[in-house]
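Chain identifiers are assigned alphabetically (A, B, ...) following the order of the sequence lines, protein sequences preceding nucleic acid strands; residue numbering begins at 1 within each chain.
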There are 2 protein chains.
Amino acid sequence: MSTEAAPLYTYPARDEIHIEAVLHALADPIRLEMVRQLAESDAELACGEFELPVTKSTRTHHLRTLREAGLILGRQQGTTRYNSLRRNDLDALFPGLLQGVLAAPR
Amino acid sequence: MSTEAAPLYTYPARDEIHIEAVLHALADPIRLEMVRQLAESDAELACGEFELPVTKSTRTHHLRTLREAGLILGRQQGTTRYNSLRRNDLDALFPGLLQGVLAAPR
DNA sequence: CCGCAAGTTCGACCGTTGTCGTACTATGGG
DNA sequence: CCCATAGTACGACAACGGTCGAACTTGCGG
C-alpha cells in the first residue's frame, strides 16, 4: 500500500561534500577499513561482504556515515546493496587525500 | 626543588605516526583550523596566536592531540611555545594527504 | 621582589557516537 | 505461501572527547 519500496537514499552532490565530514568519516577505524577494502577490491562491496569484527547493524550505521559524508555510492539489487567509493569526486575535491590515506601501512 | 622545568614534550618519531591518529586529529574543526593556519602562515604559531573561538585550556588540549598524533612540533622560548607543522614527515608518510586537506575550501 | 603574561593541569559536565540486540521490511526461491 | 537472506530502524547503554573555569608553573620586566 505504501509507495515506499526499499529506501532510496540520497547522496550529497559533489559540491555538497565537505572536508570536515570526510575527515570525520575517515577517523573511525572500522570506516577506514571499509574504505580500504573498497579501494583495494576496486569493486562494489555489499554490506555483508566487508571483513569486519562488527555486527550487521553497526555496519549499516557506518555505511550511513560514509554515504552522508559523500564517500560512497550505493546500488540496490534485490535485497543486496552494493557500495562503491566515490573516487572521482573525492580526487576532484581533495586531490591527493585518498592517495595519502591509502598509502599508509595497514 | 623539583628538577622539572617546563615540560619538555616528546614527539612521535616518523615511523611512530599512524594514519588513524592523524585522521582523528584532523577530524575536529578546531584542530583542522589550527593546521590550516599553520600551513597558511608557513611559520611557527604560539598557542595564543591562533585565531580561534576557544579558551586557552582548550587550545592546549587540541595542541596536545596534534602533537601526540605527530602533526606538529613545538619549540619553547620563554613562556611561549611555538608550534610548527611536520610537513616533511607527513608528506613522506602520506603523500598527498595534507595537500588534499588544504585544497578544500574553508 | 612583585606582578603580569603564556601555557599547563585538573576536574567537572555533557553532548556525541560506536556498539549491540531486537524487531522490522524487502526480495527471491522452493 | 512460507521461509531464508540482506539489510534497515530503533532504543539502550557506555565510553570517548570537547569545553570551560580555576588553580598552578614559569619566565620576564620593572
> Can you check the B/Asn83 CG to C/dT8 C1' distance for me, whole Å?
Replying inline: 13 Å
>> Going by side chain to side chain contact (heavy atoms under 4.5 Å, CB included), name the residues that satisfy it together with A/Arg75, two or more places apart in sequence or in a different chain.
In response: A/Glu44, A/Gln77, A/Tyr82
>> Going by side chain to side chain contact (heavy atoms under 4.5 Å, CB included), name the residues that satisfy it together with B/Ala21, two or more places apart in sequence or in a different chain.
In response: B/Ala69
>> What I'd like to find out is whether the side chain of A/Ile30 reaches to under 4.5 Å of the side chain of A/Leu52, using heavy atoms alone.
In response: yes
> Got a sec, which residues hit salt bridge (Lys or Arg N to Asp or Glu O under 4.0 Å) with B/Arg86, two or more places apart in sequence or on another chain?
Replying inline: B/Asp89
> Would you say the side-chain atoms of A/Ser57 and A/Thr60 include a donor-acceptor pair closer than 3.5 Å?
Replying inline: no
> Tell me, do B/Asn83 and B/Leu73 make a side-chain contact under 4.5 Å, heavy atoms counted?
Replying inline: no
>> From OH of B/Tyr9 over to C1' of C/dA6, roughly how many Å is that when rounded to an integer?
In response: 12 Å
>> Using OP1 and OP2 only, check whether a side-chain N or O of A/His24 sits under 4.0 Å from C/dT16.
In response: no
> What distance do A/Met34 atom CE and A/Asp28 atom CG have between them, rounded to the nearest 0.5 Å?
Replying inline: 9.0 Å
> Counting N and O atoms only, with roles assigned by atom type, does the side chain of A/Thr80 sit under 3.5 Å from a partner on the main chain of A/Gln76, one being a donor and the other an acceptor?
Replying inline: no
Sub-3.5 Å pairs of nitrogen or oxygen atoms, protein against nucleotides 3-5 of chain D:
none

>> If the condition is side chain to side chain contact (heavy atoms under 4.5 Å, CB included), which residues does B/Thr79 pass it with, not counting sequence neighbours?
In response: none
> Do any of residues 42-50 of chain B sit with a heavy atom less than 4.0 Å from DNA chain C, and if so which?
Replying inline: B/Ala46, B/Cys47, B/Gly48
> When you measure from every atom of DNA chain C, which of residues 55-72 of chain B have a heavy atom less than 4.0 Å away?
Replying inline: B/Lys56, B/Ser57, B/Thr60
>> What is the distance, to the nearest angstrom, from the CG atom on A/Leu26 to the C1' atom on C/dG18?
In response: 16 Å
> Taking 4.0 angstrom as the limit, do A/Arg106 and A/Glu40 come out as a salt bridge?
Replying inline: yes
>> Within residues 27-40 of chain B, which residues have any heavy atom lying less than 4.0 Å from an atom of DNA chain C?
In response: none
> Does B/Glu20 have any side chain to side chain contact (heavy atoms under 4.5 Å, CB included) partners at least two apart in sequence or in another chain, and if so, which?
Replying inline: A/Leu32, A/Arg36, B/His18
>> Would B/Arg67 pass as a cation-pi partner of B/Tyr9, given that its NZ or CZ must be under 6.0 Å from the six-membered ring centre and within 45 degrees of the axis?
In response: yes
> Who passes side chain to side chain donor-acceptor pair (under 3.5 Å) against A/Gln37, sequence neighbours left out?
Replying inline: A/Glu33
> Per the end-axis method with five pairs at each terminus, what is the bend angle of the helix from C/dC1-D/dG30 to C/dG30-D/dC1, to 10°?
Replying inline: 10°
> Roughly how many Å is it from CG in B/Leu52 to P in D/dG18, rounded to a whole number?
Replying inline: 14 Å
>> My understanding is that only residues two or more places apart in sequence, or in another chain, count here; which of them pass salt bridge (Lys or Arg N to Asp or Glu O under 4.0 Å) with B/Glu68?
In response: B/Arg64
>> With rounding to the nearest 0.5 angstrom, report the CG to CG distance, A/Leu26 to A/Leu71.
In response: 5.5 Å
> Please give, in whole Å, the distance from C/dA26 P to A/Gln77 CD?
Replying inline: 19 Å
>> Return the NE2 to CZ distance between B/His62 and B/Arg31, rounded to the nearest 0.5 Å.
In response: 5.5 Å
